[in-house]
Undergrad: 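Please read through the structure below; I'll follow up with questions.
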There are 2 protein chains.
Amino acid sequence: MSRSHTHVADAVRDEACPVTEVLDRVAGKWSIGILIAAAHGPVRFTELERAINGISRRMLTLNLRRLERDGLLIRTVHPAVPPKVEYSLTPMARELHTSLTGLVGWAERHRSAVAEARAAYDTAAKQKPDTD
Amino acid sequence: MSRSHTHVADAVRDEACPVTEVLDRVAGKWSIGILIAAAHGPVRFTELERAINGISRRMLTLNLRRLERDGLLIRTVHPAVPPKVEYSLTPMARELHTSLTGLVGWAERHRSAVAEARAAYDTAAKQKPDTD
DNA sequence: CCGTATCCAATTCGATACTG
DNA sequence: CAGTATCGAATTGGATACGG
């Protein structure tokens, strides 16, 4: 696969374009949480609101609509006296689940390491760059 | 740890918190592209700029700094007459690569499906919600 | 080559209040 | 219960110009 004088850029550009397209919809701060929450099965609006738990109604609705629009979520309205709406993943979205949980797993494994890296970076930055 | 009457929310909340923490740093529109670009090996600033290709200098720098701060990127300055800076992944970041390429793969497989879902949704939305 | 600083436009987000 | 509407604050992002 290696060309004579391969530019790194060349290999990447082909992947970067679809990436940005998807990432625009998937990489939102809340999107992944929603997709994971909905993966367990049909989940109601209020359940999501409680599950994600830092999200406002507005943002939840917005993200839900966007994911539905992109064909990742199915919105089912049950015509009942207390309104009942359930969200579930489309088959397409289910395929994402593995990568998503991979991300979550990584997050859990390295959360503290990231925090430490941050602290170290900030400490170093706080030192006078001058030869004190 | 087993709950008799498990709420969907309960299972999710434990995952959602670290998720949002990571996603804040990883889920940026450009972050993933950068991480994938740097995965091939040490890559220079200008190469990244060309590879990602829709990004401005400012955004590239910002994302680079954030990723470095969180311990995902290593920034190496080669003291040369024309300045040379290379970015590479930390071991921690390399573990992310699988999930990331999973995301990219999914994107490539379903890009058109997503586009169609969008078009369909927009078309449906354009119809009068009234009983036409 | 590798950035940083500044300005300004667009977007996002949260709080709040209201509806079927 | 499941949203929508509106507003102002905060964040993000591009363009440009400049510095080591």
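Quick note on labels: first sequence line is chain A, next is B, and so on, each numbered from 1.
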Undergrad: Just how far, in rounded Å, is P of D:dG14 from CD of B:Glu49?
TA: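 It is 12 Å, rounded to the nearest whole Å.
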
Undergrad: How close do B:Leu89 and B:Ala38 get, counting heavy atoms only, and between which atoms?
TA: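 Nearest heavy atoms, B:Leu89 then B:Ala38: CD2-CB, 3.8 Å.
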
Undergrad: So how far is it from B:Ser88 OG to B:Arg94 CZ, rounded to the nearest 0.5 Å?
TA: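 Atom-to-atom, B:Ser88:OG and B:Arg94:CZ are 7.0 Å apart.
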
Undergrad: In whole Å, I'd like the distance from the CG atom of B:Asn63 to the C1' atom of C:dG3.
TA: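 Those two atoms, CG and C1', are 15 Å apart.
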
Undergrad: Kindly determine whether B:Glu86 and B:Phe45 satisfy side-chain contact (heavy atoms from CB on, under 4.5 Å), including the steps that lead there.
TA: CA-CA 7 Å; B:Glu86 283 182 324; B:Phe45 186 88; over 6 Å; no

Undergrad: Nearest of D:dG3, C:dG3, D:dG14 to any side-chain atom of B:Ser56?
TA: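 So the side chain of B:Ser56 is nearest to D:dG14.
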
Undergrad: Hey, which sits more toward the 5' end of DNA chain C by its nearest nucleotide, A:Pro83 or A:Leu62?
TA: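 Nearest nucleotide further toward 5': that of A:Leu62.
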
Undergrad: Out of C:dC1, D:dT4, C:dG3, which nucleotide sits closest to the side chain of A:Thr61?
TA: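 My answer, after comparing the listed nucleotides, is D:dT4.
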
Undergrad: Once you round it to whole Å, what is the distance between P of D:dA2 and CZ of A:Arg65?
TA: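 Rounded to whole Å, this separation is 12 Å.
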
Undergrad: What's the CG-C1' distance between B:Leu60 and D:dT12, to the nearest Å?
TA: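 Answer to the nearest Å: 15 Å.
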
Undergrad: Say whether, by atom type as modelled, one donor and one acceptor occur between the side chain of A:Glu95 and the main chain of A:Met92 under 3.5 angstrom.
TA: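 Such a contact is absent between A:Glu95 side chain and A:Met92 backbone.
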
Undergrad: Want to settle it: does A:Glu86 or B:Trp30 sit nearer the 5' end of DNA chain D, counting the closest nucleotide to each?
TA: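 On the 5' side of the pair lies A:Glu86.
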
Undergrad: In whole Å, I'd like the distance from the CE atom of B:Met59 to the P atom of D:dT16.
TA: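 From B:Met59 CE to D:dT16 P: 17 Å.
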
Undergrad: Classify the nucleic acid contact of A:Thr46 as base, sugar-phosphate or nothing, counting any heavy atom under 4.0 Å across all strands shown.
TA: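 If one applies the 4.0 Å heavy-atom cut-off, A:Thr46 turns out to touch the sugar-phosphate alone, with no base involved.
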
Undergrad: Between A:Leu64 (CG) and C:dC13 (C1'), how many Å, whole number?
TA: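 Going from A:Leu64 (CG) to C:dC13 (C1'), I get 16 Å.
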
Undergrad: Which whole-number value in Å describes the distance from A:Ile55 CD1 to C:dT12 P?
TA: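 So the two atoms are 14 Å apart, to the nearest Å.
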
Undergrad: Check this one for me: any side-chain N or O of A:Arg57 less than 4.0 Å away from OP1 or OP2 of C:dA17?
TA: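 It does not, given that no N or O in the side chain of A:Arg57 lies less than 4.0 Å from OP1 or OP2 of C:dA17.
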
Undergrad: Please give, in whole Å, the distance from C:dG3 P to B:Arg44 CZ?
TA: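 To the nearest whole Å, that distance equals 10 Å.
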
Undergrad: What is the minimum heavy-atom distance between B:Glu49 and B:Ile55, and which atoms define it?
TA: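 So the two residues come closest at O-CG2, 4.3 Å.
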
Undergrad: State whether A:Arg58 places a side-chain N or O below 4.0 Å from either non-bridging phosphate oxygen (OP1 or OP2) of D:dG3.
TA: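 For D:dG3, OP1/OP2 do not have a side-chain N/O of A:Arg58 under 4.0 Å.
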
